[in-house]
Number of protein chains: 2
Amino acid sequence: MKFSVKTEYGLRAMIELALRNGDGLIGAREIAARQQIPERFLEQQITALKRAGLVISQRGSSGGCSLARGADEITVLEVIEALDGLVIDMDCINNKIHSCSQVAQCVIQEVWQGSQVKLREYLGSVTISDLVKRQEQLKDGARVKS
Amino acid sequence: MKFSVKTEYGLRAMIELALRNGDGLIGAREIAARQQIPERFLEQQITALKRAGLVISQRGSSGGCSLARGADEITVLEVIEALDGLVIDMDCINNKIHSCSQVAQCVIQEVWQGSQVKLREYLGSVTISDLVKRQEQLKDGARVKS
DNA sequence: GCATTTCCGAGCTTCCCAGTCGGATTTATG
DNA sequence: CATAAATCCGACTGGGAAGCTCGGAAATGC
């Protein structure tokens, strides 16, 4: 049970984009370099984010991408689900299989379902903007300390 | 992001044990047969549950296992963590690595941490006894319908 | 002693994640 | 128009983990 690195990379990219929002388009190469992420790999995640409508992009030289909305209007949940699909996927409920011949399975699926709801609730309450703000806090804290 | 079948098997076994609590020891073979779980595989999970102190067991012929406490005193969280370790494991926070050279990573780790807390909170609030009761409800519902 | 059970460790197969890569398409610029 | 730079698309791969099997040792009732 862990979050994929895809989502971590995706979130880091979104933070980077949020920091430089308004500066026009930013290339995947640049984001990758700044965040130390394999470039060709990040490319794919950005494409996925674009398909999900969280990012807009333009091809060609001097192309790049930027946030599709304000950083405070994009939740962590959206980013995760754009990259990895549902936060918790269950064969029984999400997919069409629904092979609950055994009643006990259904009961357990309800627990997975409940987990899903709780997680989505939380992750949906955190925005990219929150992350950026929190990051500033951490940086300031470190500066004061040193 | 999904729960392992180990945990599903483990929970189903616990439900089975809860249903027949007080009837003495029950063999892994029997549980496996009833719940249609690969026997030798279930064996291992039961051993893990025993090591975690959720189940007591006795070897030898007419050996078997039973719940170590009341079904209302065992949470789903305990079962899951006994079988799969922490619900959400993060290299940065749980383990010793703590390689947050990049500040952005730490911010994200806080989100994982938050998810962990929420999930544990929820899963810790559901007991095996709850599952059994809920299962009865479902069965009754089906009976009325038909 | 023998059957039956839990217990321990090793091994095996299949699948998926993380990452790479070749190349097609689009576009600004000279 | 040519070229360089960027996104985009699809296929491929290596490694590691999940799911499961298996052989056999230790315990225990009959």
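Chain identifiers are assigned alphabetically (A, B, ...) following the order of the sequence lines, protein sequences preceding nucleic acid strands; residue numbering begins at 1 within each chain.
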For C:dC7 and B:Thr47 - does any side-chain N or O of the residue sit under 4.0 Å from the phosphate oxygens OP1/OP2?
yes
If I take atom CG from residue A:Leu123 and atom CD from residue A:Glu121, how far apart are they, to the nearest 0.5 angstrom?
10.5 Å
Heavy atom of residues 24-33 of chain B under 4.0 Å from DNA chain C: which residues?
B:Gly27, B:Ala28, B:Arg29
Starting at the 5' end of DNA chain D and moving along, which residue's nearest nucleotide shows up first, A:Glu39 or B:Pro38?
A:Glu39
Side chain A:Glu136, main chain A:Lys133, donor-acceptor under 3.5 Å
no
For chain B, the stretch of DNA chain D it reaches, first to last nucleotide, under 4.0 Å of its heavy atoms:
D:dG19 to D:dG29
Counting only side-chain heavy atoms from C-beta out, which of C:dC7, C:dT27, C:dG9 sits nearest to A:Ser61?
C:dT27
Ignoring hydrogens and angles, tell me if any N or O in the side chain of B:Gln116 forms a donor-acceptor pair with the backbone of B:Ile88 under 3.5 Å.
yes
Between B:Leu17 (CG) and C:dT6 (P), how many Å, whole number?
11 Å
Which is more 5' along DNA chain D, the nucleotide nearest A:Met1 or the one nearest A:Gly63? Just name the residue.
A:Gly63
Can you tell me the distance, in whole Å, between the CG atom of A:Leu83 and the C1' atom of C:dC17?
14 Å
Which atom pair, heavy atoms only, marks the closest approach of B:Ala13 to B:Leu42?
CB-CD1, 4.1 Å
Which is true for B:Glu43 with a 4.0 Å heavy-atom rule: it touches a base, it touches only sugar-phosphate, or it touches nothing?
base
Using atom NZ of A:Lys6 as one end and atom P of C:dC16 as the other, report the distance to the nearest whole Å.
12 Å
Donor-acceptor pair, distance only, cut-off 3.5 Å: does the side chain of B:Gln45 make one with the backbone of B:Phe41?
yes
Can you tell me how far apart CG (A:Leu77) and OG1 (A:Thr127) are? Round to the nearest 0.5 Å.
12.5 Å
Check: C:dT6 base within 3.5 Å donor-acceptor of B:Arg59 side chain:
yes
Nearest-Å distance for atom pair CZ/C1', residues A:Phe3 and C:dA18
18 Å
Return the value, rounded to whole Å, for the distance between atom CD of A:Gln58 and atom C1' of C:dT29.
14 Å
Do any N or O atoms from the side chain of A:Asn21 and from the backbone of A:Ala18 form a donor-acceptor pair under 3.5 angstrom?
no
Nearest-angstrom distance from the residue atom CZ of A:Arg12 to P of C:dA18:
13 Å
Whole-Å distance separating the CZ atom of B:Phe41 from the P atom of C:dC7
16 Å
Of B:Gly64 and A:Ser62, whose nearest nucleotide on DNA chain C comes first from the 5' end?
B:Gly64
Between the base of C:dG23 and the side chain of A:Arg40, is one N or O donor paired with an acceptor at under 3.5 angstrom?
yes
Have a look at B:Gln35 and tell me which of B:Glu30, B:Glu16, B:Glu8 forms a side-chain hydrogen bond (donor to acceptor under 3.5 Å, both in side chains) with it.
B:Glu16
Rounded to whole Å, please give me the gap between CD in A:Gln44 and P in C:dC17.
13 Å
Under 4.0 angstrom, heavy atoms only, what part of the nucleic acid is A:Tyr9 near: base, sugar-phosphate, or nothing?
sugar-phosphate
So does B:Phe3 get a backbone contact from the side chain of B:Thr7, meaning a donor-acceptor N/O pair under 3.5 Å?
no
Sort out for me which residue in A:Lys6, A:Arg51, A:Arg120 forms a salt bridge (Lys or Arg N to Asp or Glu O under 4.0 Å) with A:Glu81.
A:Arg120
